[in-house]
Asks: 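This is the structure I want to talk about, given as C-alpha cells.
Everything numeric here is computed off the predicted structure, so don't read it as measured data. All values below come from the heavy atoms of this structure, side chains included, with hydrogens, waters and symmetry mates left out. Letters A, B, ... are given to chains in the order of the sequence lines, protein chains preceding strands, and every chain is numbered from 1.
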Amino acid sequence: MTSREFDGIRLEKLREHVWEIPREGDMNVPARVLASEDLLEEIGEDDTLRQLRNATHLPGMVEPALCMPDGHQGYGFPVGGVGAIDARTGCISPGAVGYDINCGVRMVRTSLAYDDVRGREEELVDALFEAIPSGLGGGGVIDGDADAIDGALERGVEWAVEEGYGIESDLAQCEDEGRRPDARPEYVSQKAKDRGRNQLGSLGSGNHFLEVQRVTDVFRDEVADAYGLSEGQVVVLIHCGSRGLGHQTCNDYLRRIEREHADLLESLPDKELAAAPAGSELAEEYYGAMGACINFAWVNRQLITHRTREVFGDVFDADPIDDLEMELLYDVAHNIAKKETHEVGVGPDGLPAVGDEAVDRADRELYVHRKGATRAFPADHEEVPEAYRSVGQPVIIPGSMGAGSYVLRGGSESMSVSFGSTAHGAGRLMSRTQAKQEFWGGDVQDDLESEQAIYVKAQSGATVAEEAPGVYKDVDEVVRVSDELGIGDTVARTFPVCNIKG
DNA sequence: ATGTGC
C-alpha cells in the first residue's frame with residue numbers, strides 16, 4: 001500500500017485521492033484527506049495534518065474526520081475540515097466552525113455578455129467600490145437599528161426581502177432558504193449585536209470580495225441550463241461573512257467554554273478545538289446563537305446583492321431584474337455547523353461506532369461541522385431547491401482574483417464520502433505575513449490589469465498582497481479532485497472581470 | 001476572519 005509521511009504523521013492511500021491517518025492512541029476515529037498527490041504535498045507543509053488528527057479527539061466524532069482538497073491550517077480545526085459529531089452524545093465546537101460564522105459566497109446571474117462590459121470595467125469597478133462598503137470597521141448598506149438586527153438575526157433573508165432589499169426568488173435560491181429555523185437571537189450578546197448594527201451590508205476585509213466575472217467554460221450542459229449559465233455570460237460573485245457580530249459571538253462562546261467546560265477543554269490535544277458537550281446549556285445556546293449569526297451573514301450578502309443590482313441598473317441604464325435578469329443562482333455557507341441526519345456505523349449499544357466496533361449502520365442526528373467546506377447535496381435530496389432538485393445543488397468555489405472560480409453541483413458520492421460536502425476555494429499556500437513579504441499590492445494590481453485585463457480596486461494594498469493569486473493553490477486541481485471523487489461535479493468555470501476588496 | 005492581541 002502506498003503511504004506518505006509528513007513530520008511523523010503517516011497517511012495510507014486507500015484509493016485514488018483518499019488518504020487515511022489510521023486511528024491510534026486517543027483518536028476516536030481515523031482521519032482522511034481527500035487530495036491528489038500534488039495537493040497532499042502542499043497540505044503536508046503546514047500544520048493541517050496535525051490539526052486534523054487532533055480533531056479526531058473531539059468526543060462523539062463519528063466516521064473519519066475529513067480534510068477537503070483545499071485544506072490548510074486554521075484556528076484549532078483545519079480550514080477545509082469536515083467533522084461529523086453525534087448530536088446526542090458528542091459535542092459542538094466553535095473552533096470547528098470558525099470565527100467568521102457563515103462566511104460564504106453567492107452568485108448572481110445577469111443577462112449581460114462580456115462584450116457589454118468590455119471597455120467599461122473601470123467605470124463599473126469604481127461604481128461598485130463607491131457603493132458597497134468594504135474594509136475593516138463600520139459602515140453598511142443600511143444603518144441598522146435594534147429592530148433591524150433582531151429581524152436579521154431571527155428571520156434572515158426573509159426579513160431583508162420584506163424590507164424591500166430583495167425579490168421573492170432570493171429566498172428559494174439560498175441554502176436553508178436564507179433562514180435557520182433554529183436561530184436564537186437572545187443568545188447573541190448585546191456587544192455582538194452592537195458590533196453588527198452598522199455592518200449590515202459590508203464586505204469586510206481579508207479574503208472577502210465582490211467580483212464581476214464572465215463564464216468561460218461549461219462542462220455539463222444540462223446542469224448549466226438548469227442553473228441558467230452559459231458561455232460568455234456575466235455573473236457576480238459575493239464573498240463575505242458575519243463581520244464583527246460573528247467574530248464577537250465566537251469569542252463570547254470560546255470564553256464561556258473555558259469557564260464552564262474546562263474539563264472537556266483539558267481533555268483535548270489543542271485548546272483551540274474548544275467544544276461544548278452535547279445536551280449542555282452552553283451547547284444549546286451556542287447552536288442558537290450561531291444560527292442567528294448565520295442569518296446575519298445571509299442578510300449581509302443580501303444587502304450587498306441589493307446594492308449591486310442598483311449599481312448595475314445605474315451603469316447599464318436598465319432595470320436590474322426585468323432587463324438585466326439579476327437573479328440569485330445560489331448562496332452557500334462555507335463556515336457552519338448544522339444538525340443533519342446521516343447514515344453512520346453503530347455499535348451493539350446503538351451509539352455511533354467505527355471500524356470493527358460497528359455492527360450495523362443507521363441514521364443518526366449529527367452536528368456536521370463544515371469549516372471552509374461547502375455543502376454539496378446531490379440530485380433528489382429534499383433540501384436541494386426545487387429548481388435544481390433533478391441535477392443537485394449548486395456549489396460555488398471561488399478561486400483567486402487572477403484565476404477565476406467554479407460552479408459545481410453536489411455529486412452522487414457526496415453523502416457516502418464526505419457527509420454531503422466538498423471544497424470551498426483554492427486554499428491558501430502561505431500565511432498572510434509571508435504573502436506580504438513576497439508581493440506588493442500595487443504591483444499585483446498592475447500585473448492583473450496589464451496581463452489579464454482584470455481590474456481590482458481595494459481599500460488596502462496590504463490586503464491585495466495577502467490575497468495575490470500566487471498565495472493560492474491551483475483551483476483547477478482542487479475541483480478536479482472533487483469531480484473525480486464524485487462529491488462535487490464541475491459545471492462551469494468563470495474568469496474575473498473586475499473585483500472590489502477590503 | 002477581526003474596532004488587525006489579552
Asks: For the pair made of NZ in A:K436 and C1' in B:dT4, what is the distance, rounded to whole Å?
Replies: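 In whole Å, B:dT4 C1' and A:K436 NZ are 8 Å from each other.
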Asks: CG of A:D252 versus P of B:dT2: gap in Å, rounded?
Replies: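 Atom-to-atom, A:D252 to B:dT2, this comes out as 16 Å.
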Asks: Using whole Å, report how far CG of A:L203 lies from C1' of B:dT2.
Replies: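 Taking atom C1' of B:dT2 as the reference, CG of A:L203 is at 15 Å.
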Asks: Within the 3.5 Å criterion, strictly below it, is a donor on A:R106 or A:Q302 matched to an acceptor on the partner's side chain?
Replies: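 Yes, side-chain donor-acceptor contact under 3.5 Å.
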Asks: A quick test of your reading: do over 12 heavy atoms of other residues, nucleotides or ligands sit less than 6.0 Å from CD of A:E281?
Replies: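 Atom CD in A:E281 is not crowded, with 12 or fewer foreign heavy atoms closer than 6.0 Å.
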Asks: Heavy atoms only, 4.0 Å cut-off, all strands: where does A:S242 land among base, sugar-phosphate and nothing?
Replies: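 Since no nucleic acid heavy atom lies under 4.0 Å of A:S242, the category is nothing.
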Asks: Using a 4.0 Å heavy-atom cut-off, does A:G241 contact any base of the nucleic acid, only the sugar-phosphate backbone, or nothing at all?
Replies: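 Nothing, no heavy atom under 4.0 Å.
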Asks: In whole Å, what is the span from the CZ atom of A:F296 to the P atom of B:dT2?
Replies: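 Those two atoms, CZ and P, are 11 Å apart.
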Asks: Whole Å only: how far is the CD1 atom of A:I101 from the P atom of B:dT2?
Replies: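 Atom CD1 in A:I101 sits about 12 Å away from atom P in B:dT2.
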Asks: If you look at every strand shown and take non-hydrogen atoms under 4.0 Å, does A:G244 touch a base, only sugar-phosphate, or nothing?
Replies: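 Answer is sugar-phosphate: A:G244 comes under 4.0 Å of backbone atoms only.
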Asks: Remember a base hit wins even if backbone is also touched, and classify A:E466 as base, sugar-phosphate or nothing at under 4.0 Å, heavy atoms.
Replies: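 Since no nucleic acid heavy atom lies under 4.0 Å of A:E466, the category is nothing.
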Asks: About how many Å separate CD of A:Q213 and CG of A:L237, when rounded to the nearest 0.5 Å?
Replies: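 Spacing of CG (A:L237) from CD (A:Q213) equals 4.5 Å.
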Asks: Rounding to a whole Å, what distance do you find between A:L254:CG and B:dT2:C1'?
Replies: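 One finds 13 Å between C1' of B:dT2 and CG of A:L254, rounded.
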Asks: What is the separation between atom OH on A:Y75 and atom C1' on B:dG5, rounded to the nearest whole Å?
Replies: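 Answer to the nearest Å: 12 Å.
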Asks: Taking any heavy-atom pair under 4.0 Å as a contact, classify A:K191: base, sugar-phosphate, or nothing.
Replies: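 If one applies the 4.0 Å heavy-atom cut-off, A:K191 turns out to touch a base.
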Asks: Does a donor on one side chain sit under 3.5 Å from an acceptor on the other, for A:N102 and A:S242?
Replies: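 No.
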Asks: Between A:D46 and A:T48, is any side-chain donor less than 3.5 angstrom from a side-chain acceptor?
Replies: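 Yes, side-chain donor-acceptor contact under 3.5 Å.
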Asks: How many Å lie between CD on A:E272 and C1' on B:dC6, as a whole number?
Replies: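 Checked: the CD to C1' distance equals 14 Å.
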Asks: Of A:R255 and A:Y99, whose nearest nucleotide on DNA chain B comes first from the 5' end?
Replies: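 First, find each residue's nearest nucleotide; the 5'-ward one identifies A:Y99.
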